[in-house]
Amino acid sequence: MEQKQKEQKFLVSSVSEVLRSSYSIVLETEPVFSRFTLQSGSPELRFGQGSTDAIVLNLQSSQLFKLGPADSLCISEASEANKEKTYSRGISIQFRNEEESRAFHCAFEQWKKEVVVQECPLTNGAISTSKSKFDDKIESSSAKMYFHYYGQLLHQQNMLQDFVRTGTYYSAVIENRADFLGRIVVDVGAGSGILSLFAAQAGAKHVYAIEASEMAEYARKLIAGNPSLNERITVIKGKVEDVELPEKADILISEPMGTLLVNERMLESYVIARDRFLVQNGKMFPGVGRIHMAPFSDEYLYMEIANKATFWQQQNYFGVDLTPLHGSAYQGYFSQPVVDAFDPRLLVAPAVSHVINFNSVKEEDLYEIDIPLRFLSSVSTRIHGLACWFDVLFNGSTVQRWLTTAPGAATTHWYQLRCVLPQPLYVMPGQEITGRLHLVAHKAQSYTIYLTLSALVGDMLQTSSVKLDLKEPYYRMSQPQAYSLAQDQQPNQLLQTQDIELPSRDEDGSILMQPPSPNSGAELHSL
């Protein structure tokens, strides 16, 4: 398949026009091309050989039916003006294989959608509302940078070489072969196509790999280079909000997680794909995500950030007083979440968790996420902020597999995230720490973070707040040194969730998440 400006071309085996009770062979011996085109100003489907178009159909009045794995019938109705003088036309199309038939049907549906967008008459002065839902939510400049980034092989390589990530996905799919065998799979945001290839390895009947960036072309090339699998994978370039598929999916697979789980707002696209393509009670890999949070103490990190603004304390910088900007600079450095790998011994209280069930969460629920916080300090220290990480569950029929980004676990390309308070809090052992983590989505494909923590010392209530932009983190990414615990030292009670067993579901079908250890003391908040 070739993609050109305002044209999409396919090679087919033969095309026959249905004439009442017989078939009249129109094109067969030489290579036969079918083209979706805007050549005449409106979307058309053309069939021909060489430079000659023998059959031209208006897509607005055409329908496509699947007669067999590689056989289809296209019916084009007569126009309203000429129904008395002309008749509907039937075109029988023979494809070279089932893979090309699927790709053609996907293209037909997408071009038909373009007909609705381009040919729908608007009243004078009306504005078309046909713009993609994705485009309504996301700034075009952000989307352009986002798809450019993921359209480059070097960034795909960075993710592929995260062996915790890639290996966990591989294990989750292959160990749950029974979930994939003979099933229709949709890969949401397919990237290089690696997850589609995993699904095909597990015996999927067919995989639709949807990718909006230029990486779609690389995915086609990679998949074509694996001939034992490529007949069962169709790459579709486009956004999940816009593309059409010829059939429903039994399973969705995707890697929609960003920093703090929700950065880049791809979870919303994953949920939209669920609502558009997944059969009732279909599976999602992953199906559950959890954000874990705990207060931390890290004097070195706090001083590192605070000292960045000392540059602006100079009163004679080439004769210029910089101090008027010191306050703004100080606030600016603390508005950056810190992305790095840290020693879990920096945590000063057991973590709490916020659960997002991808199987049931509504897209709108992800626009604003409000998490109440309550901790009991285990030590006497200064609290410098809130540490966050996430994990996701692949709830397979055979094996339940977790992918975790927890501190102390094998480091991933997500690392962990810390929100540093401009004013630390002093706490004593057993002291209650309360607060709120409030995430508000914005059009730059990320979130504004509002964090407040409070602690009561005697009769005085200490409160510290900070506003951060998840889109603009400080990539510190230091690797913590290996350490061993002393015999009398207890590790902080993190939520280590690898391969824990899920409990039963409640009455409304939602998963009742529990901490992996009865002593963890973690609190769970569901979304």
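In terms of modelled atom types and a separation under 3.5 Å, the side chain of Y270 and the main chain of E255 share no donor-acceptor contact. At least one donor-acceptor pair closer than 3.5 Å links the side chain of R274 to the backbone N or O of F358.
C106 is not listed as a side-chain neighbour of V243, based on a closest heavy-atom distance of 4.5 Å or more. Counting heavy atoms from C-beta outward, F108 and C74 have side chains that approach closer than 4.5 Å. You'll find the side chain of M159 stays beyond 4.5 Å of the side chain of I194, heavy atoms only.
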Does the side chain to side chain donor-acceptor pair (under 3.5 Å) test come out yes or no for Y149 and E264, once each step is laid out?
-> CA-CA 12 Å; Y149 179 91; E264 297 178 342; over 6 Å; no
Under the side-chain contact (heavy atoms from CB on, under 4.5 Å) criterion, do K283 and S397 qualify, and how do the steps go?
-> CA-CA 10 Å; K283 279 191 171 291; S397 300; 3.3 Å; yes
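The pair E241-K239 fails the salt-bridge criterion, with no side-chain N (NZ, NE, NH1 or NH2) lying under 4.0 Å from an Asp/Glu carboxylate O.
Screening E217, E211, E214 for a salt bridge (charged side-chain N to carboxylate O under 4.0 Å, His left out) with K237, the sole residue that qualifies is E214. When the options R102, E247, R232 are evaluated for a side-chain hydrogen bond (donor to acceptor under 3.5 Å, both in side chains) with H206, the one that passes is R102.
Here F134 and Y146 keep their ring centres 6.0 angstrom or further from each other. Aromatic ring centroids of F285 and F198 lie 6.0 Å or more apart. Ring centers of F104 and F36: under 6.0 Å apart, within the cut-off.
Atom CD of Q8 is separated from atom CG of L45 by 11.0 Å, given to the nearest 0.5 angstrom.
Nearest approach of A216 to V235, heavy atoms of both residues: O-CG1, 3.7 Å.
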